[in-house]
Amino acid sequence: MPRLNDQVGELLQEYADLINITGGDAFRARAYEKAARAVGGHPEDLADLDVKGLQQIPGVGKSTAEKIAEYLATGRIPALESLRAKIPSGVREMMAVPSVGPKRALALYRDLGIASVEELAEAIRADRLAGVAGFGERSGEKILHGIELMRQSGGRTLLDTATELAEQLVEALSAVPGCTRCAYAGSLRRMRETVGDIDVLATAADSAPLMAALTELPYVAEVIGSGPTKTSVLTTQGIQVDLRVVPEEDWGAALVYFTGSKAHNIKLRTMAVRAGLKLSEYGLFEVDGDARKGAKGAQGAKTEGTKGAQGAKGAQGARTEGTKVVSATEDEVYAALGLPWIPPTLREDRGEIEAALNGELPDLIEESDLRGDLHTHTDLTDGLATLTEMIDTAAARGYSYYAVTDHAPDLVMQRMTNEKMLAQREELRRLADRHKKLRLLHGTELNIGPDGGVDWPPEFLAGFDVCVASVHSHFNLDRAAQTRRLIRACENPYVHIIGHLTTRRIGRRGPIDVDLDAVFEAAARTGTAIEINSSPQRLDLRDEDVLRAKRHGVRFSIDSDAHATGHLAYPRFGIGTAQRGWLTTEDVINAWTWQKLKRFLHKDALQK
DNA sequence: GCCGTTTTCGGCCCGACTGTTTTCAGTCG
């Protein structure tokens, strides 16, 4: 079960979608979309708020607050239900198909009775779209193609795949003659756990050679669209890449714009408008009275005069309107709005702009701050590399401490025994002098049983330098049992770190049903760290849960969970999640000196 | 529907690309 705030957020988003589909007021729909985002990201539990309290959430007014209160009281929102009665859920689902939005979804339903993605595909194959207004010859083909893609890729790409591709693209495009700057932007630069597409930004006086170079790359399978400022392609892996080329002097404004997020940009633009400015990907402009009216008119609906304004505002006009204030660097753009530069990982409109205004941006942890890795495996269990190979690779990363934490015997398939574990410990101690600067820790990854117990009795556990404890089975316990087992694991004096808390595998397995706040409370109370598992398939905890855990006073351990030497580089991705959760070095135990970490690992002594 | 150091009414972020439209709506980010 998702947390209540997310549930309500999803319902409000559904309501907004249904308003859009039924042709309701677009601004009203947008108001509900905004409220949905605000509610989903609100730190306080909605259940604790009354109508007055709900209205304190930015973007939630009287009407939305009453709907939420009604849902909390009765579990129903009658206004939403009456819209649901008019529009089958499959119609809303069709909006997920590329090039199908609310208008086309409605037209397809109203004119042809199509009420699901499956029916849509069938109708196109049967050539039934021809008569519907707005659908020409190519529309069906394009929609069908979109449906196929959706099914193939499941939508989103993992962070490591996307990062690798983006770095290749930047390298290739940077080498094109005339390219003066090139970098990736978008959700990848913000280090979201998955990305829908890859945005690459470049500067050049002439965009044509860059556009051509992109379309000719060997791993580009298909050109979706191409113009003077933007080209979109699909790679052989099915990942969409958008390349934008802007003049060098507009680099900063364009980088802000294409890095996003959408919500962050909207807030920046609103700040700009209040200051009599206009922010676009071409820069921050001063706007005189007339031009401002024109810009607003072009936005609006069907009033007289707006057509003229829009007509006069051709593709050229939009770029030259007003006097440019700044746009060369991100620093300049933020500074002109009265803000310090904001790290991309914070740009989600989760309070970073307010924090920036107050000079309270966190000093985010960086990859170079990590002094060690506290969750790794060897070929003694399911790892691929030997103890010495793992240690040598860790030493090359410049760590000052490193823990080997192979699986414990309750994970039966790993065939662990006391003897094997003790033999590994002896070997590890023998290797202590192999790298003078690297302190080796002998640990284990325990299994949290369904009742919260772990492998081995206390006297054996006391022999380890560090114990990670994780859930590896019984994923389907009910919420109460799941919560109980994790709290009990936190309360174990020999458990220092809870590994991959929710056990999700991105795109493959959902999180277990657990009361995270209760577990965070227990972790903070008992001095147990929660892991940020850096494996791109896991990234567990998620960034928003990291934010919540931090509010409980939880400490974190950013680990690789490496099963091969190459995996020791994973903390790069975990750091992205940590930054998105606003963490500093103070919050992360493996950014601490050994002296400080050593005290933390003596949890059992503190509790005795 | 929300919101207010120009406003309690009248705005609401902004632009590119596509396809079918012959001047622009829809979609997307």
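For the numbers below, each heavy atom of this structure counts, side chains included, while hydrogens, waters and symmetry mates do not. Fair warning: this is a prediction, and the values are worked out from it, not measured in the lab. Convention: sequence-line order gives letters A, B, ...; per-chain numbering from 1.
- Mapping Asp242(A) and Ile266(A) onto DNA chain B by nearest heavy atom places Ile266(A) at the nucleotide closer to the 5' end.
- Residue whose closest nucleotide on DNA chain B sits further toward the 5' end, between Lys262(A) and Arg28(A): Arg28(A).
- Per the geometry, CZ belonging to Arg274(A) stands 12 Å off P belonging to dC12(B), to the nearest Å.
- Close to dT20(B), at under 4.0 Å from its OP1 or OP2, lies a side-chain N or O of Ser139(A).
- Distance check on atom C1': dT27(B) versus dT21(B) gives 16 Å, rounded to whole Å.
- Of the possible donor and acceptor atoms, one in the side chain of Arg104(A) sits under 3.5 Å from a partner among the backbone N and O of Ser99(A).
- In this view, Phe573(A) satisfies the ring pair (Phe, Tyr, Trp, His ring centres under 6.0 Å) rule with no residue, not counting sequence neighbours.
- Between the P atoms of dC2(B) and dT6(B), the separation comes to 23 Å (whole Å).
- Heavy atoms of Lys267(A) sit nowhere under 4.0 angstrom from any nucleic acid atom.
- The NZ atom of Lys278(A) sits 18 Å away from the C1' atom of dG11(B) (whole-angstrom rounding).
- Here dC12(B) presents its C1' atom at 13 Å from CZ of Arg37(A), a figure rounded to the nearest Å.
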Report all interatomic pairs (protein N or O, nucleotide N or O of nucleotides 7-9 of chain B) with separations under 3.5 Å.
none

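- No donor-acceptor distance shorter than 3.5 angstrom exists from the side chain of Arg181(A) to the backbone of Glu248(A), with no hydrogens or angles considered.
- Between the CE atom of Met95(A) and the C1' atom of dT27(B) there is a distance of 10 Å, rounded to whole Å.
- Residue Ser280(A) has no polar side-chain atom (N or O) positioned under 4.0 Å from OP1 or OP2 of dC13(B).
- Residue side chain Tyr257(A) reaches the base of dG29(B) through a donor-acceptor N/O pair under 3.5 Å, judged by distance alone.
- Computed from coordinates, the Lys103(A) NZ to dC24(B) P distance equals 18 Å when rounded to whole Å.
- Ion pair Arg542(A)/Glu193(A) not flagged as a salt bridge, since none of the NZ, NE, NH1 or NH2 atoms sits closer than 4.0 Å to an Asp/Glu carboxylate oxygen.
- As rounded to the nearest Å, dA16(B) and dT23(B) have P atoms that lie 22 Å from one another.
- The partner of dG26(B) is dC17(B), judged by Watson-Crick or G-U wobble contacts that both fall below 3.5 Å.
- Arg30(A) has a side-chain polar atom (N or O) that falls below the 4.0 Å cut-off from OP1 or OP2 of dC13(B).
- At a threshold of 4.0 angstrom between heavy atoms, the contacts of Arg244(A) with the nucleic acid are absent.
- Aromatic stacking of Phe27(A) on dC12(B): satisfied, with centres closer than 5.5 Å and planes within an angle under 30 degrees.
- Rounded to an integer number of Å, the gap from CD1 of Ile57(A) to P of dC2(B) is 12 Å.
- Across all non-hydrogen atoms, the minimal contact from Ile19(A) to Arg28(A) is CD1-NH1, 3.8 Å.
- Separation of the P atoms belonging to dG10(B) and dG15(B) is 25 Å when rounded to the nearest angstrom.
- Residue Lys34(A) is out of contact with every strand shown, counting any heavy-atom pair closer than 4.0 Å.
- The distance from atom CG of Leu11(A) to atom C1' of dG1(B) is 17 Å, rounded to the nearest whole Å.
- Within 4.0 Å (heavy atoms only), Asp25(A) reaches at least one base atom of the nucleic acid.
- Taking atom P in both dC28(B) and dT20(B), one finds a spacing of 15 Å when rounded to whole Å.
- Taking every heavy atom of residues 331-359 of chain A and every atom of DNA chain B, no pair lies under 4.0 Å.
- Distance Ile224(A) CD1 to dT27(B) C1': 14 Å, rounded to the nearest Å.
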